[in-house]
Number of protein chains: 4
Amino acid sequence: MGLRFGPDYPEQTYIKHAYPEHLVDLGDVKMNYAVAGDASLPALLLIPGQSESWWGYEQAMPLLAKNFHVHAVDLRGQGRSSRTPGRYTLDNMGNDLVRFIDIVIKRPTFVSGLSSGGVLSAWLSAYAKPAQIIGAHYEDPPLFHSEVDTSCGQSLRQGVGSMFALWSKYLGDQWSIGDWEGMKAAAPTELLPWIAAAFPQSDEPPQNLKEYDPEWARAFHTGTVAASCDHARMLQSVKVPVLFTHHFRRVDESSGFLMGALSDVQAARAKELVTSAGQPFDYKSFPAMAHSMHGQDPNLFAATLIEWAKTLL
Amino acid sequence: MGLRFGPDYPEQTYIKHAYPEHLVDLGDVKMNYAVAGDASLPALLLIPGQSESWWGYEQAMPLLAKNFHVHAVDLRGQGRSSRTPGRYTLDNMGNDLVRFIDIVIKRPTFVSGLSSGGVLSAWLSAYAKPAQIIGAHYEDPPLFHSEVDTSCGQSLRQGVGSMFALWSKYLGDQWSIGDWEGMKAAAPTELLPWIAAAFPQSDEPPQNLKEYDPEWARAFHTGTVAASCDHARMLQSVKVPVLFTHHFRRVDESSGFLMGALSDVQAARAKELVTSAGQPFDYKSFPAMAHSMHGQDPNLFAATLIEWAKTLL
Amino acid sequence: MGLRFGPDYPEQTYIKHAYPEHLVDLGDVKMNYAVAGDASLPALLLIPGQSESWWGYEQAMPLLAKNFHVHAVDLRGQGRSSRTPGRYTLDNMGNDLVRFIDIVIKRPTFVSGLSSGGVLSAWLSAYAKPAQIIGAHYEDPPLFHSEVDTSCGQSLRQGVGSMFALWSKYLGDQWSIGDWEGMKAAAPTELLPWIAAAFPQSDEPPQNLKEYDPEWARAFHTGTVAASCDHARMLQSVKVPVLFTHHFRRVDESSGFLMGALSDVQAARAKELVTSAGQPFDYKSFPAMAHSMHGQDPNLFAATLIEWAKTLL
Amino acid sequence: MGLRFGPDYPEQTYIKHAYPEHLVDLGDVKMNYAVAGDASLPALLLIPGQSESWWGYEQAMPLLAKNFHVHAVDLRGQGRSSRTPGRYTLDNMGNDLVRFIDIVIKRPTFVSGLSSGGVLSAWLSAYAKPAQIIGAHYEDPPLFHSEVDTSCGQSLRQGVGSMFALWSKYLGDQWSIGDWEGMKAAAPTELLPWIAAAFPQSDEPPQNLKEYDPEWARAFHTGTVAASCDHARMLQSVKVPVLFTHHFRRVDESSGFLMGALSDVQAARAKELVTSAGQPFDYKSFPAMAHSMHGQDPNLFAATLIEWAKTLL
């Protein structure tokens with residue numbers, strides 16, 4: 001029997017955080033979230049990345065709270081929010097957020113999401129209800145790159161995909177396998193070399209992975225997550241101004257593989273599609289920044305987001 | 001060049017109806033609908049079936065309007081509502097209706113849907129926002145039967161699936177092929193015999209097909225429509241009382257094929273799952289009734305729906 | 001780290017058998033096999049079922065050897081034959097056998113296969129090289145039932161499919177996970193009840209499973225094994241006489257689920273397609289027989305096969 | 001009703017050629033072919049590309065016949081060979097050729113294939129029966145590029161994929177739609193611009209397309225053709241020396257799209273995998289050459305092939 005984590009095993013899974021947590025019933029899922037800042041300030045919704053929970057924003061929240069009424073959420077399959085076997089799609093996750101804005105935020109909001117959360121920020125900028133979104137920040141989002149059969153550049157398989165395959169296989173949907181030792185042992189042979197070299201070998205899973213439903217990894221690896229949500233079509237439908245921060249990325253010349261969330265070609269394509277849709281696209285490159293600027297440099301993250309938001313108020 | 005219909009060809013596609021039509025922007029799509037009855041009466045949402053538009057309820061609406069504030073919609077890809085290539089899924093259509101209730105109906109509502117619209121009625125009974133739905137009528141819904149790899153009984157391929165394949169192939173997504181003559185010529189060889197025998201051979205497409213995006217047929221035929229919405233899991237999540245009307249059905253003994261929307265075994269399985277979820281399941285069998293009771297016998301339809309709704313008020 | 005079995009771990013995997021084993025290079029795979037009987041007798045090829053190896057025929061071989069020059073093989077992914085990740089399809093397995101007949105048997109042959117091996121017996125009767133096959137025995141073959149989106153009757157999911165899903169998940173491709181304890185613990189919740197009740201709870205895997213590549217289970221569960229080999233089309237192409245033995249089967253009235261390899265409706269459909277193709281179809285029902293007659297009652301198996309073969313010589 | 005071509009309409013489909021045609025029964029398909037040269041010379045098998053028939057080699061054959069006993073074939077779905085709905089895979093096409101070599105050529109042979117035929121040349125170099133292949137020429141093969149979810153470089157969608165989608169949609173499996181005018185009209189909107197610019201606008205289909213089963217295009221567009229034949233794994237299994245000719249290719253810097261059969265990165269990856277498998281890989285770049293050197297410059301083609309073959313005799 002392997003390790004077991006998740007909502008069915010709360011005592012071995014969750015720890016205390018700096019902000020109180022709340023659970024709201026959205027009908028399809030129950031969503032966990034934390035709030036900071038004064039309700040008189042402009043609203044901000046923060047969407048964590050894959051294998052992150054809301055408290056990935058714990059350092060950034062007090063900084064953002066000076067200018068925003070901040071809401072940081074756990075998506076379905078993250079943290080203390082519901083698990084939804086067979087139903088992890090961008091469309092379902094995006095519509096969860098539409099409901100969250102309706103029920104909890106209750107007014108137009110800024111949105112900022114990291115990585116897969118950045119793709120969901122893009123989703124909201126295209127498909128949310130009218131007037132829900134003021135502007136959308138995509139923090140290092142794997143646009144195109146997290147598609148299986150993408151229309152532009154490296155697909156998931158030509159980047160971090162083997163890691164998702166490994167997580168899915170050795171941890172199992174809803175931590176049903178939980179073979180942490182087997183996963184570490186398999187990493188050198190089942191991962192691409194540059195991913196294997198950076199793969200964590202800790203004795204037990206880090207806190208963020210304990211709170212992660214590994215079925216997410218399967219949904220990305222097999223492509224079901226975006227099967228009915230083509231990224232190019234989504235970007236053609238964007239209806240609000242966009243801030244795009246692009247962090248470390250490198251294309252290996254000999255293999256063509258991508259290290260990072262998306263390539264320069266992919267970012268340029270995203271810009272082309274959004275601007276063709278008539279929306280401002282504020283592109284900022286931080287080529288030395290880690291994937292999570294809000295984790296690595298919360299001050300720069302907050303300053304960048306606040307500065308851009310001011311231009312829209 | 002084949003025939004062309006749809007929102008890009010309004011003059012050759014649409015005709016006038018007995019109720020005024022309205023278009024509401026839901027963010028992801030624009031949805032067309034008609035209203036009847038007094039706003040002081042309980043709300044009712046009517047969801048047409050595949051290849052039907054809102055005006056399939058034209059005869060039933062005045063009858064229902066005596067007891068309900070009636071809203072009949074065109075789903076995405078139907079009538080005058082938006083076309084959304086690549087994005088026809090139960091989850092997206094269901095969330096369109098969640099938004100419609102929020103923005104247009106604005107209060108708890110009864111819901112009744114036919115066929116694929118009945119599956120969406122089931123979707124709303126399971127996945128809508130809290131307190132949106134009072135009760136859900138599933139009118140002859142192809143539960144399980146409209147899945148490609150179903151957990152119970154005949155899959156789509158063992159029933160009407162070959163007709164969807166034919167529509168998709170000869171009409172094309174968004175009527176991009178429009179080969180009406182080719183379709184009629186192919187019907188005898190590409191359809192199962194009992195479907196071919198009933199296949200319309202009219203000189204031009206009937207009005208309802210002109211208003212239908214044939215990509216619906218592809219989404220069902222290939223299974224993308226329900227790929228992330230397993231019917232059994234959905235029925236296990238039902239949260240409101242259900243009225244289920246089961247119309248003509250017959251299982252061919254020698255081939256096991258299903259004529260009709262779902263078999264007795266499939267209906268019993270639906271009942272088992274909904275009642276296990278703790279909800280009342282009012283099953284009414286009309287074995288001689290056509291697929292659309294609201295079209296075939298609007299009086300019986302209205303009486304049945306009104307009688308059941310009264311038990312919930 | 002879980003249990004490890006297969007060709008990379010020969011000492012913990014394989015045991016000695018009553019017949020010597022041989023390995024032949026077919027180009028795509030190396031195939032293990034055993035031989036019995038005199039080369040002057042008619043040739044017979046025996047194809048074991050899923051999770052069986054050639055020595056499943058160990059009791060039947062001496063009985064058959066009185067009338068045949070018997071060859072029993074391990075398919076790719078069975079016993080001592082090659083593992084071929086990503087390449088387990090009926091077409092590839094069938095073509096392995098075409099090559100085996102060419103290179104080892106070298107003359108027209110009878111063929112008899114159990115279960116998935118029976119489906120391959122059907123494959124050979126339809127798609128082998130001209131004059132390779134004299135007649136084909138399908139021993140309780142899951143025709144239609146082992147398809148994911150089948151044209152007739154219960155799909156895999158409506159029968160033994162959950163067991164393949166379980167094997168795949170907890171054992172892993174090429175025994176890469178090997179979580180025997182986890183699999184036993186998950187059986188009651190992840191299997192259909194009637195399968196769970198019969199699921200083995202032995203301390204270690206039985207010999208036949210040690211020799212089985214669990215990627216087979218994944219190929220069936222996800223449908224890749226038959227994705228380009230529709231069963232109905234295959235049966236329409238049969239070119240030689242067929243003996244069909246149908247063993248225990250039962251359809252549960254309330255759920256429609258199938259216990260057994262294929263239903264009476266599915267067997268009748270197979271007969272209809274083969275006879276329409278102009279070939280004799282000798283149907284014999286053994287409703288009380290276990291799935292493997294050659295294992296359960298080798299004498300009856302041998303007698304049945306010998307009697308039928310005589311009619312073709 | 002659209003245009004109709006193929007084996008069911010021979011008079012409107014086929015024309016006379018410079019070499020006599022033969023039809024051999026391979027069991028699974030009947031294969032059409034032509035022969036040139038003396039049977040005392042080394043054997044050569046020529047495999048045409050997608051939408052080509054054997055007579056694409058008509059100019060090259062007399063040149064090659066000075067040094068080889070030449071066999072040029074129609075693959076399943078090409079020319080006068082069988083149509084096999086639902087069964088167009090690399091594995092099935094490759095095994096057809098294994099049987100053709102067995103039954104017609106009957107001795108070790110050189111093999112040269114263009115484009116998809118070049119991928120099949122790679123397949124034979126990896127998966128043919130032992131000693132069937134002396135050496136394999138890959139003529140401008142879309143390795144990796146013709147995969148849907150490729151492990152290296154541009155997938156089909158990032159190159160010529162939209163053309164296959166168009167062919168599939170407007171011509172239909174086995175020319176069942178045949179909407180030539182509709183296809184020409186749709187080309188400007190459904191094709192990538194640089195493909196649309198070069199798309200033929202002839203009044204009727206060119207001879208090669210008449211002989212082509214458009215289901216090939218669907219098999220590539222949807223990925224079924226290589227679903228169980230990963231290119232990287234295939235190249236890791238190569239067992240004979242390889243000649244690789246790489247023709248015109250260009251990667252568009254701004255979009256990353258590929259014009260041509262495969263990029264330099266993809267060719268280098270192919271070389272790396274084949275040489276790691278221990279086989280010589282003779283790479284020759286012809287950056288100004290059209291996709292078919294055997295059509296464009298038969299003399300150079302023959303000279304290149306003959307010179308390389310001599311090194312292996």
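In what follows, chains are A, B, ... by sequence order, proteins preceding strands, each numbered from 1. Side chains included, hydrogens not; waters and symmetry mates left out as well; all remaining heavy atoms used. Being a predicted model, the structure only gives us computed values, none of them experimental.
Contacts with chain D were tallied for C:Thr224, C:Asn92, C:Ile103, C:Val225; C:Asn92 has the most, counting heavy-atom pairs under 4.5 Å. Heavy-atom pairs under 4.5 Å with chain C were tallied for D:Val98, D:Asp230, D:Thr89; the largest tally goes to D:Val98. With chain C as the partner, the residue from D:Asp102, D:Thr84, D:Val29 showing the most heavy-atom pairs under 4.5 Å is D:Asp102. When each of C:Gly94, C:Ala227, C:Ser228 is checked for heavy-atom pairs under 4.5 Å with chain D, C:Ser228 comes out on top. When the candidates D:Ala131, D:Pro130, D:Gly86, D:Ser237 are compared by the number of heavy-atom contacts under 4.5 Å with chain C, D:Pro130 comes out ahead. Note: D:Arg87 leads D:Arg87, D:Gln132, D:Lys239, D:Arg233 in heavy-atom pairs under 4.5 Å with chain C.
Using a cutoff of 4.0 Å between basic side-chain nitrogens and carboxylate oxygens, D:Asp96 and D:Arg76 are scored as salt-bridged. Taking a cutoff of 4.0 Å between a charged side-chain nitrogen and a carboxylate oxygen, D:Arg99 and D:Asp28 do not qualify as a salt bridge.
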Tell me, with the steps shown, if D:Tyr127 and D:Asn95 meet side chain to side chain donor-acceptor pair (under 3.5 Å). CA-CA 9 Å; D:Tyr127 297 136; D:Asn95 275 304; over 6 Å; no
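Under the 30°/60° scheme for interplanar angles, the aromatic rings of C:Phe110 and C:Trp308 are found to stand perpendicular.
Between D:Trp175 and D:Tyr212, a ring centre-to-centre spacing not shorter than 6.0 Å is recorded.
Considering only heavy atoms from C-beta on, C:Ser168 stays 4.5 Å or farther from C:His221 through its side chain.
Only the backbone of C:Ala126 has a heavy atom closer than 4.5 Å to any heavy atom of chain D.
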